[in-house]
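Below you'll find the structure, written out as structure tokens, and then a few comments.
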Amino acid sequence: IAGITQAPTSQILAAGRRMTLRCTQDMRHNAMYWYRQDLGLGLRLIHYSNTAGTTGKGEVPDGYSVSRANTDDFPLTLASAVPSQTSVYFCASSEASGGTDTQYFGPGTRLTVL
Amino acid sequence: GQNIDQPTEMTATEGAIVQINCTYQTSGFNGLFWYQQHAGEAPTFLSYNVLDGLEEKGRFSSFLSRSKGYSYLLLKELQMKDSASYLCAVRDGDYKLSFGAGTTVTVRA
């Protein structure tokens with residue numbers, strides 16, 4: 001059982017290019033999340049999905065889009081990358097969005113936009 | 001917005017005890033989490049508090065006071081492998097997690 005996988009592990013991208021970060025979980029969790037982690041700022045929520053077919057905006061959604069066509073996959077797309085999107089991106093999942101629910105994190109994608 | 005404060009860095013000696021404090025001001029409260037994150041790795045869940053008081057899990061304990069907007073993580077019998085960042089996270093009224101910037105703990109021999 002892999003838990004949560006993310007791809008790619010790292011990527012260097014030219015500004016203006018389109019990029020999709022992939023996230024897949026095999027725990028049948030209902031809720032999934034995308035965070036970015038920057039030095040000194042901690043983890044910040046970009047987008048989330050409480051269940052397949054629904055998505056919502058987090059704290060820093062601008063420049064990013066997501067889709068949730070099924071339970072397992074939650075890709076994050078940068079339509080036109082900018083240098084300020086250089087960060088480490090973590091995908092997470094939880095059984096549900098409430099209760100004593102705990103979020104479990106993937107290994108992360110290190111993205112550099114030049 | 002959410003405001004979660006924790007110290008940036010702490011250093012302690014192997015075998016000692018370290019207490020990491022976290023204060024928060026959030027829109028609603030539905031629990032406080034502590035995560036451990038080793039350099040270059042994903043955060044991993046350590047503890048959860050939703051009621052006031054102390055939760056103990058082996059060498060790690062977490063305390064919560066909702067009236068004071070305050071929590072701490074206590075690490076006992078420190079080991080070298082405990083060198084990591086410790087993240088305080090609060091779940092708000094919308095059940096979304098807001099994270100502090102993290103406290104980097106360095107354990108010295």
Side-chain angles (χ1 to χ4, degrees), chain A residues 2-7 9-10 21 23-25 27 29-51 54-61 66 87-111, chain B residues 1-9 20 22-51 53 55 57 60 62 64 71 73 84-105:
Chain A
I4 303 179
T5 58
Q6 293 185 234
T9 302
S10 65
L21 307 185
C23 175
T24 299
Q25 53 103 359
M27 297 176 284
H29 283 174
N30 286 313
M32 297 187 74
Y33 312 84
W34 274 106
Y35 294 89
R36 59 177 291 173
Q37 186 173 37
D38 302 289
L39 198 62
L41 294 178
L43 287 154
R44 292 181 292 168
L45 182 65
I46 304 171
H47 285 286
Y48 64 92
S49 168
N50 288 333
T51 189
T54 69
T55 62
K57 294 182 180 180
E59 181 186 352
V60 288
V66 291
S87 187
V88 180
Y89 291 86
F90 286 101
C91 178
S93 72
S94 63
E95 283 193 35
S97 60
T100 60
D101 207 44
T102 300
Q103 292 186 20
Y104 297 92
F105 287 80
T109 293
R110 184 174 297 275
L111 182 67
Chain B
Q2 323 297 9
N3 189 22
I4 300 170
D5 289 319
Q6 50 182 129
T8 303
E9 294 180 334
I20 306 170
C22 173
T23 59
Y24 63 89
Q25 290 177 302
T26 58
S27 303
F29 179 83
N30 282 295
L32 187 142
F33 295 78
W34 284 96
Y35 282 81
Q36 181 190 58
Q37 185 177 24
H38 284 100
E41 297 183 7
T44 56
F45 170 74
L46 283 179
S47 69
Y48 170 74
N49 296 71
V50 67
L51 300 176
E55 293 282 343
K57 271 189 182 182
F60 293 0
S62 57
L64 175 67
S71 173
L73 180 69
S85 284
Y86 293 85
L87 314 179
C88 174
V90 177
R91 189 156 60 193
D92 63 21
D94 293 327
Y95 287 92
K96 297 298 169 286
L97 277 185
S98 293
F99 285 81
T103 300
T104 299
V105 172

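These numbers come from the heavy atoms of this one structure, side chains and all, not from hydrogens, waters or symmetry mates. Residue numbers begin at 1 in each chain, while the letters A, B, ... track the order of the sequences.
Looking at every heavy atom in both residues, A/G106 comes nearest to B/A42 through O-CB, 2.9 Å. In this structure, B/P43 and A/F90 approach most closely via the heavy-atom pair CD-CE2, 4.0 Å. Between B/Y35 and A/T102, the shortest heavy-atom contact is OH-CG2, 3.8 Å. Here the closest non-hydrogen pair linking B/A101 and A/G40 is CB-O, 3.6 Å.
Within a 6.0 Å radius of CZ in A/R110, other residues, nucleotides and ligands contribute 12 heavy atoms or fewer.
For chain B, the option among A/G58, A/A92, A/G42 with the highest count of heavy-atom pairs below 4.5 Å is A/G42.
For the pair A/N50 and B/Y95, the minimum side-chain heavy-atom distance is 4.5 Å or more.
Only the side chain of A/L45 comes within contact range of chain B, judged by heavy atoms closer than 4.5 Å. Interface remark: A/Q37 contributes side-chain atoms only to the contact with chain B (heavy atom separation under 4.5 Å).
The CD atom of A/Q103 sits 8.5 Å away from atom NZ of B/K96, with the distance rounded to the nearest 0.5 Å. Atom CG of B/L97 is separated from atom OH of A/Y33 by 7.0 Å, given to the nearest 0.5 angstrom.
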